[in-house]
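Throughout, protein chains are lettered first and strands after them, A, B, ... in sequence-line order, and every chain is numbered starting at 1.
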2 protein chains.
Amino acid sequence: MPASKRDQLLATAERLFYEQGFHATGIDRIVAAAGVVRMTLYNHFASKEALVAAVLAARHERFIASLDAATASASPGQVTRALVDAHGNWLERYSQHGCIMAKAMGEFAEHNAEIHALAAAAKTDLLARLEAAVARDGLDHHAGLARRLFVVLEGSNTAVALLGAQTALADTRAVVDTLLATARSETR
Amino acid sequence: MPASKRDQLLATAERLFYEQGFHATGIDRIVAAAGVVRMTLYNHFASKEALVAAVLAARHERFIASLDAATASASPGQVTRALVDAHGNWLERYSQHGCIMAKAMGEFAEHNAEIHALAAAAKTDLLARLEAAVARDGLDHHAGLARRLFVVLEGSNTAVALLGAQTALADTRAVVDTLLATARSETR
DNA sequence: TCCTGTATAGACTGATCTATCTAAATACGG
DNA sequence: CCGTATTTAGATAGATCAGTCTATACAGGA
């Protein structure tokens, strides 16, 4: 079945916002690329900012679902690694040019509190997943291990954009391995 | 002596671009905040994009000077740590709300090649400094150590914006310490 | 077949944007 | 003190922006 006009708009807007930026992408370019008319957009979304919020919410939902699917099927003791790998797969597939949430925070920080909060929540949700993962792996008594991994994964996103996915993800895995090995060796 | 109109414009534009975003900050708001008139801006800069480029270039110059000053006076074997600390100090003082170069890359990626290249060069310059630092510390035979540190420092910037400077910088230092300790233990 | 909801086409408003032009005022160095 | 360069003030152009309105077309279900 063909995607609904609403879904076409969400997908097109997500692509254009990501590639060109939010403020630099006009309504007219979105509707033209989606093959609909301007009133159709305003029939589904109250405003451009509402569209931005819907795009970010939908993308974040997919992101979290992808992470949760990976950790749900992870072997015991491998949950954190599975989460990190799933994060890397996401970057490789959908986030080769920087984090759209970071871009949104940069463009709407002092401009739209709802959008800013939505993007920031996407980040802290990843941190929460890391905390849950290290707990399931029995490493949560290492104070701040999840936060340290969070720093690495955030850097991974930028590094992918600058150095390419292959190099950046290999380096990311190397850092994560070192952190996990150190944590485990201090556990026994 | 009072700052020149040009310097006032650069400083004001840097602040507004950083806080509000590049496209969301209009020329009129910059000149009003700088206390000059629109023609003064166009007398010093050919266009808004030229102003953006000048702002980024000036900021990058200060950033690199700050890093180089720290490594120049570092004790042998402590160059990498000095560089990381200088980077953290910069974040704490001037980059609490995300990296302006990353924001510029996001807003001008498909819009202005010169600005995008300028911002990307700022990032790779940091990587080059890391490579020089690990070399001076005798750790450059650890393939990719500088790149791994680069991933961490990039993540540090995002983490400062999300978790606050104190927490994020402590976590960053912890990760860097682990990486350096592991590299040194593998050296002997 | 009719009815309701959705999409289309396009004109339109009012605001905002970057950039330019001109003429007068001001500052500053020789 | 004079002359040059800078700054000011304000009008203006021309483009683009988000958002609204209306009338028409078309879809699918009762």
Between the protein and nucleotides 8-15 of chain D, list the N/O to N/O atom pairs that are separated by less than 3.5 angstrom.
residue, atom, partner, partner atom, Å
dT8(D), OP1, K5(B), NZ, 3.4
dT8(D), OP2, V37(B), N, 3.3
dT8(D), OP2, T40(B), OG1, 2.8
dA11(D), N6, R38(B), NH2, 3.1

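- For residues 155-175 of chain A, every residue pair satisfying the salt bridge (charged side-chain N to carboxylate O under 4.0 Å, His left out) rule, not counting sequence neighbours, is listed here: D171(A)-R147(B).
- Between H44(A) and the phosphate of dT6(C), there is no side-chain N or O to OP1/OP2 separation shorter than 4.0 Å.
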With a 3.5 Å cut-off and sequence neighbours excluded, list the donor-acceptor pairs that the side chains of residues 26-38 of chain A form with protein atoms.
residue, atom, partner, partner atom, Å
D28(A), OD1, R38(A), NH1, 2.5
R29(A), NH2, A24(A), O, 3.2

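- For Y42(A), whose side chain is taken as the heavy atoms from C-beta onward, the closest listed nucleotide among dG19(D), dT18(C), dT7(D) is dG19(D).
- The backbone N or O of A183(B) sits less than 3.5 Å from a side-chain atom of H142(B), completing a donor-acceptor pair.
- Other residues, nucleotides and ligands contribute only 12 or fewer heavy atoms inside 6.0 Å of the NE2 atom of H97(A).
- In this structure, the NE2 atom of H111(A) is 13 Å from the C1' atom of dA18(D), given to the nearest Å.
- T172(A) contributes a side-chain N or O that, together with a main-chain N or O of A168(A), makes up a donor-acceptor pair within less than 3.5 Å.
- For T25(B) (side chain) and G21(B) (main-chain N/O), a donor-acceptor pair under 3.5 Å exists by modelled atom type.
- Applying a 4.0 Å cut-off to non-hydrogen atoms, none of the residues of residues 14-34 of chain B approaches DNA chain D.
- In this structure a side-chain-to-backbone donor-acceptor pair under 3.5 Å is missing from Y94(B) to N89(B).
- In this entry the distance linking NZ of K48(B) with C1' of dT20(C) reads 17 Å, nearest Å.
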Produce the list of close N/O pairs, under 3.5 Å, pairing protein atoms with atoms of nucleotides 24-29 of chain C; give distances to one decimal.
none

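- Rounded to whole Å, atom P of dA18(D) lies 15 Å from atom CZ of F45(A).
- S156(A) places no side-chain N or O within donor-acceptor distance of the main-chain N or O of V152(A), the cut-off being under 3.5 Å.
- F108(A) and I100(B) are assigned to two separate hydrophobic clusters, defined by single-linkage of ILVMFWY side chains at heavy-atom distances under 4.5 Å.
- Straight-line distance from the CG atom of L9(A) to the P atom of dT6(C): 14 Å, rounded to whole Å.
- The nearest whole Å value for the distance from the CZ atom in R6(A) to the P atom in dT6(C) is 12 Å.
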Please list, one pair per line, the donor and acceptor atoms closer than 3.5 Å that link side chains of residues 117-125 of chain B to other protein atoms, with sequence neighbours excluded.
residue, atom, partner, partner atom, Å
K123(B), NZ, E154(B), OE1, 2.9
T124(B), OG1, A120(B), O, 3.3
T124(B), OG1, A121(B), O, 3.1
D125(B), OD2, H60(B), NE2, 2.8

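- Looking at T12(A), its side chain never comes within 3.5 Å of a backbone N or O of L9(A) through a donor-acceptor pair.
- What separates CG of L41(B) from P of dT6(D) is a distance of 15 Å, to the nearest Å.
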